There are 2 protein chains.
Amino acid sequence: MPLDDQKPFHASKVQTLTVLVQREIERRILTGELPAGDRLSESALAADMGVSRGPVREAMRGLQQAGLVEIVANKGVVVRKIGYDEAVDLYNLRGSLFAFMCETMAARRTDEQCGVLKGKLEDMEAAIRADDKEAYFRTNLDFHTTIVEFCGNNRARAVYEGIAKEMHLFRRRGLSRIENMEASMQEHEAIAAAIIAGRPEAARKAGLKHIRNGRDRFLASLDPDSFAADPERRPAAAE
Amino acid sequence: MPLDDQKPFHASKVQTLTVLVQREIERRILTGELPAGDRLSESALAADMGVSRGPVREAMRGLQQAGLVEIVANKGVVVRKIGYDEAVDLYNLRGSLFAFMCETMAARRTDEQCGVLKGKLEDMEAAIRADDKEAYFRTNLDFHTTIVEFCGNNRARAVYEGIAKEMHLFRRRGLSRIENMEASMQEHEAIAAAIIAGRPEAARKAGLKHIRNGRDRFLASLDPDSFAADPERRPAAAE
DNA sequence: AGGATGTAAACTGTCAACAGTTGTCAATCC
DNA sequence: GGATTGACAACTGTTGACAGTTTACATCCT
């Protein structure tokens with residue numbers, strides 16, 4: 001037993017290669033390192049990470065179920081590409097989920113949770129006063145995460161986070177810019193107020209409105225060719 | 001190759017073994033053939049199905065992401081066991097999703113879809129008049145599926161169906177008996193009426209109420225020891 | 001007898017090799 | 001010249017084997 005191993009704790013080998021690989025590929029997809037539509041070669045990825053193809057294949061199976069890649073038999077796996085309609089669907093679904101979480105948290109909230117939520121709100125206000133868009137983006141994310149966690153429904157949280165990851169497939173990098181911090185902030189205040197007041201229905205409506213506004217802001221910001229890469233998904237401009 | 005069978009056309013080999021295995025294991029779990037809490041041995045399953053361990057392992061990875069099994073490194077995979085609180089969470093989440101779908105369909109419905117929906121409703125009425133619980137159960141399922149499909153949001157449908165599968169993990173077999181067909185039928189009529197009338201908000205409320213009533217009926221029907229198998233999940237009756 | 005310890009069996013994690021399929025590209029034929 | 005065909009290359013699907021870990025059990029000591 002080599003006792004020179006300088007690991008702080010032995011917590012190293014409890015991780016299986018498959019999990020590591022899946023996490024790494026997911027990271028590459030979410031950061032855009034592997035852009036949507038890219039074809040992923042098992043051999044190449046395996047060689048790149050210094051593992052065999054087994055763990056890579058298993059990781060792919062997980063990513064497929066998560067909706068991040070598509071697998072075609074005997075052809076390979078590609079990073080999933082999301083069309084216009086699907087993007088709208090995802091926004092709507094996420095809105096419904098977030099509304100549900102706001103509602104649920106409003107019904108179950110504790111005083112401590114309210115305190116934490118108020119804190120996040122103040123962080124955002126501070127970022128606005130400092131006109132620090134980067135900080136606002138971060139605290140904004142934090143605010144959402146807080147609600148998602150405090151709603152207490154773990155399955156809903158898992159689904160929500162999965163959808164959020166999926167949405168990275170069409171939100172281009174650098175969307176961290178917030179167009180209208182004040183408007184966004186007002187929506188956050190409405191959500192927090194309803195939750196803290198313990199009014200589930202009001203919280204639900206506020207949460208839904210917030211995501212819908214985000215959706216509309218995003219769609220409005222699209223140049224028409226954004227989804228041109230897969231035009232066959234586009235036509236259904238109805239509804 | 002004992003798995004693939006009497007396919008009339010050669011359309012069999014486009015299916016990969018992993019998919020077949022995953023489907024088969026999922027079937028065994030949903031039918032209760034592999035009960036919740038059971039430990040699954042890769043070697044045993046592989047031998048039983050006449051394939052090697054590779055496809056089985058890949059299938060497991062997919063089932064894990066779907067929430068049907070849990071995988072612990074170096075220990076194995078067990079059919080997921082759902083505690084009382086998680087069951088309630090799943091019902092609530094499903095209610096929120098179904099409500100969203102009713103709302104969405106009400107906003108997008110076509111005349112043709114309304115016709116189909118009316119047809120399903122009549123099928124259920126016929127089953128009630130005939131006092132055929134089996135037929136009612138079937139047409140009831142059909143009614144729900146129709147809404148889920150016609151809402152047009154494919155991602156929402158996938159999530160909903162995943163949740164529904166997961167709920168099989170705690171709904172014991174033979175729950176197909178419907179306690180109160182008339183009450184259930186009234187709720188269905190309210191949903192259909194709101195959708196056909198094109199009133200999204202009313203449809204949402206009707207759909208939500210329906211699942212909530214189903215949840216309460218289910219919870220009320222529990223003998224207190226139903227979830228005793230994993231008592232550590234029970235205590236958190238607070239919050 | 002009861003608990004600790006060491007050993008063996010069984011199983012999971014990983015890998016490398018084989019088999020089958022898809023897509024490409026050049027040679028051939030009309 | 002253009003389309004068809006056939007072989008080759010690259011890749012995926014599947015398998016069997018090997019290595020490391022966990023678990024159960026028998027043994028030994030107190």
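Naming convention: chains lettered A, B, ... in sequence-line order (proteins, then strands); numbering from 1 in each chain. Only a predicted model underlies this, so the values are computations on that prediction, with no experimental measurement involved.
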Exercise for review: May I ask you to say what I71(A) touches in the nucleic acid, namely base, sugar-phosphate or nothing, with a heavy-atom cut-off under 4.0 Å?
Suggested key: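 No contact.
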
Practice item. Specify the residues of residues 53-67 of chain B, ordered by number, for which at least one heavy atom lies under 4.0 angstrom from an atom of DNA chain D. Key: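 Residues of residues 53-67 of chain B that come under 4.0 Å of DNA chain D are, in numerical order, R53(B), G54(B), P55(B).
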
Check your understanding: Between E33(B) and R27(B), is there a salt bridge with N-O shorter than 4.0 Å?
Key ->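 Salt bridge: yes.
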
Check your understanding: Between R28(B) and D48(B), is the closest basic N to carboxylate O distance under 4.0 Å?
Key ->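 Yes.
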
Check your understanding: Any side-chain N or O of T16(B) less than 4.0 Å from the OP1 or OP2 oxygen of dT12(D)?
Key ->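 No, because none of the side-chain N or O atoms of T16(B) sits under 4.0 Å from OP1 or OP2 of dT12(D).
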
Review point. Is T18(B) near enough to dG13(D) that one of its side-chain N or O atoms lies under 4.0 angstrom from OP1 or OP2?
Key: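 No, because none of the side-chain N or O atoms of T18(B) sits under 4.0 Å from OP1 or OP2 of dG13(D).
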
Exercise for review: Among dT12(C), dT15(D), dT14(C), find the nucleotide with the atom closest to the side chain of V51(B).
Suggested key: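 For V51(B), the side-chain atoms sit closest to dT15(D).
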
By side chain to side chain donor-acceptor pair (under 3.5 Å), which residues pair with [X], not counting sequence neighbours?
X: N92(B); result: R215(B)
X: T18(A); result: E58(A)
X: E103(A); result: none
X: E166(A); result: R80(A), R155(B)

Exercise for review: For the helix from dA1(C)-dT30(D) to dC30(C)-dG1(D), figure out the bend between the end axes, five pairs an end, and round to 10 degrees.
Suggested key: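 Taking five pairs per end, the axes differ by 10°.
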
**Study point:** Working for side chain to side chain contact (heavy atoms under 4.5 Å, CB included), residues Q65(A) and L63(B)
**Key:** CA-CA 8 Å; Q65(A) 205 80 23; L63(B) 292 173; over 6 Å; no

Check your understanding: Given Y84(A) and L219(A), is the side chain to side chain contact (heavy atoms under 4.5 Å, CB included) satisfied, shown in steps?
Key -> CA-CA 9 Å; Y84(A) 183 87; L219(A) 293 180; 4.0 Å; yes

Taking only N/O atoms, report every protein-nucleotides 22-25 of chain C pair under 3.5 Å with atom names and distance.
{"residue": "dG23(C)", "atom": "OP1", "partner": "K75(A)", "partner atom": "NZ", "Å": "3.1"}

Exercise for review: Taking N153(A) for its side chain and D89(B) for its backbone only, find out whether a donor-acceptor pair lies under 3.5 Å.
Suggested key: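 Flag set: sc N153(A) to bb D89(B) pair under 3.5 Å.
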
**Study point:** Exam field: side chain R39(A) to backbone K75(A), donor-acceptor pair closer than 3.5 Å
**Key:**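 Pair found, side chain donor or acceptor close to backbone of K75(A).
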
Could you list the donor-acceptor pairs under 3.5 angstrom formed between side-chain atoms of residues 156-164 of chain A and any protein atom two or more places apart in sequence or on another chain?
{"residue": "Y160(A)", "atom": "OH", "partner": "R94(A)", "partner atom": "NH1", "Å": "3.2"}

Please report the interatomic distance [atom1]([X]) to [atom2]([Y]), rounded to the nearest 0.5 Å.
X: Q22(B); Y: T16(B); atom1: CD; atom2: OG1; answer: 11.0 Å
X: L97(B); Y: L208(B); atom1: CG; atom2: CG; answer: 11.0 Å
X: L141(B); Y: T146(B); atom1: CG; atom2: OG1; answer: 9.5 Å

Enumerate all atom pairs, one protein N or O and one N or O from nucleotides 8-10 of chain D, separated by less than 3.5 Å.
none

Could you give the [atom1]-to-[atom2] distance, from [X] to [N], as a whole number of Å?
X: Q15(B); N: dG20(C); atom1: CD; atom2: C1'; answer: 17 Å
X: L45(B); N: dT14(D); atom1: CG; atom2: P; answer: 16 Å
X: L40(B); N: dC11(C); atom1: CG; atom2: P; answer: 13 Å
X: M49(A); N: dC15(C); atom1: CE; atom2: P; answer: 13 Å

Name the pairs: protein N/O against N/O of nucleotides 5-7 of chain D, kept only if under 3.5 Å.
none

**Study point:** salt bridge (charged side-chain N to carboxylate O under 4.0 Å, His left out) against E26(A), all qualifying residues, sequence neighbours excluded
**Key:**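 Listed in chain order: K165(A).
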
Review point. Can you name the side-chain contact (heavy atoms from CB on, under 4.5 Å) partners of N213(A), sequence neighbours left out?
Key: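 In terms of side-chain contact (heavy atoms from CB on, under 4.5 Å), with neighbours along the sequence ignored, N213(A) is linked to E187(A), K209(A), R217(A).
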
